Amino acid sequence: VNNFSFSEHRIMKNNDNAKRAAGVAAANLIQDGMQVGLGTGSTAFFFIEHLIQRCKEGLKIHGIASSIASHELALKGKIPLLDMESIDHLDVTVDGADEIDTHKRMIKGGGGAHVREKILACMSHEMIVVVDETKCVERLGKRPLPVEIIPFAWHATERHLNALGYRGKWRSASHGKMFLTDNGNFIYDIYFDSLLVDPETDNEKILGIPGVVDTGFFLGIAGRVIIGYADGRTQTQ
Ligand code: 5RP
């Protein structure tokens, strides 16, 4: 079985070249002996794919995945994997973003994995962010903000969010049921009326609501940001 059949069967999207360029550049920064957090999403996919290639060529690392999907990809590619109970820090986590602003503040969670992603990023000496150029914005808020919510509290939490002026939609799965995260929770995607002036305050207000597990805001977490372009160039900030 070809471990990479997923990549070959993916429908090429316009910005796949840019995503691949960023992912490959990040994988080339990984060094022998590192404990590496593996992000989730289509850009992180290219990172993991190239990391698998480098491991086949002799790179010796251990990884830990931020989602079941990334875990399965790494497992198929035979990256030696760690479990959370066996580690207290990571050298680096490499992950994508839905939006990143000029202060390296991000919205993540388009794939619904932001809770585990944030846990790994915050255990890491550095979070390297891999994005295509379309993710770079002056101010956050054009894309919805994913908020992971405990199912028991879904109704109360939505009312609470709405009372604070945050309105959105419950994320649904393809079969019409509620989307479930790898943690068994729901996602409420908040849509903002205007671009955000003070995401830190929005983050605090939302995190203060009982039932909220975490938001997709990543504030003060990003280290280097590798931006990929359609022509295959990358720029590191
Ligand atoms: C998943 C994430 C992803 O990193 C984010 O959605 C970006 O994904 P992609 O690289 O596919 O555009 O936060 O929860």
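Every heavy atom of this structure was used, including side-chain atoms; hydrogens, water molecules and symmetry mates were not. Counting convention: from 1, in listed order, for ligands and their atoms alike. This structure is a prediction, so every number in the text was calculated from the model and none was measured.
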Point to revise | N-O pairing of E200 and R105 below 4.0 Å | key: yes

Review point. Got a salt bridge between R20 and D16, using NZ or NE/NH1/NH2 to carboxylate O under 4.0 Å?
Key: no

Taking [atom] as the reference point, the nearest protein heavy atom with its distance:
atom                    : result
atom 10 (O) of ligand 1 : T43 OG1, 2.5 Å
atom 12 (O) of ligand 1 : K135 NZ, 2.6 Å
atom 1 (C) of ligand 1  : E117 OE2, 3.1 Å
atom 6 (O) of ligand 1  : D98 OD1, 2.6 Å
atom 9 (P) of ligand 1  : S42 OG, 3.3 Å

Using a strict cut-off of 4.0 Å, indicate which atoms of ligand 1 neighbour a heavy atom of [X].
X    : value
G96  : 4 (O)
T40  : 1 (C), 2 (C), 3 (C), 4 (O)
G112 : 14 (O)
G41  : 11 (O)

Point to revise | Distance-only N or O hit between ligand 1 and G109, under 3.5 Å | key: yes

Exercise for review: Using distance alone, determine whether G111 and ligand 1 share an N or O pair under 3.5 Å.
Suggested key: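 Yes; the residue has a nitrogen or oxygen that sits under 3.5 Å from a nitrogen or oxygen of the ligand.
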
**Study point:** Point-to-point distance, once rounded to the nearest 0.5 Å, from CG of N17 to NZ of K19
**Key:** 11.5 Å

Point to revise | Euclidean distance, E117 CD relative to S67 OG, rounded to 0.5 Å | key: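 So the gap between those two atoms works out to 7.0 Å.
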
Point to revise | Which segment of D95 sits under 4.0 Å of ligand 1 when only heavy atoms are counted | key: side chain

Exercise for review: Report the part of S67 in contact with ligand 1, treating N, CA, C, O as backbone and CB onward as side chain, heavy atoms under 4.0 Å; options are side chain, backbone, both, neither.
Suggested key: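 Contact part for S67 vs ligand 1: neither.
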
Point to revise | Residues E148 and N185: side-chain donor-acceptor under 3.5 angstrom | key: yes

Point to revise | Donor + acceptor pair across side chains of Q53, E49 (<3.5 Å) | key: no

Check your understanding: Taking the side chain from K108 and the backbone from G96, do they hold a donor-acceptor pair closer than 3.5 Å?
Key -> yes

Review point. Are L82 and I119 in one and the same hydrophobic cluster, where Ile, Leu, Val, Met, Phe, Trp and Tyr link if side-chain heavy atoms are under 4.5 Å apart?
Key: yes

Point to revise | Members sharing L140's hydrophobic cluster (side chains within less than 4.5 Å) | key: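 Taking Ile, Leu, Val, Met, Phe, Trp and Tyr as members, L140 shares its hydrophobic cluster with I107, V137, L145, V147, I149, W154, L161, L164, Y166, W170, M178, L180, F186, Y188, I190, F192, L196, I206, L207, I209, V212, F217, L219.
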
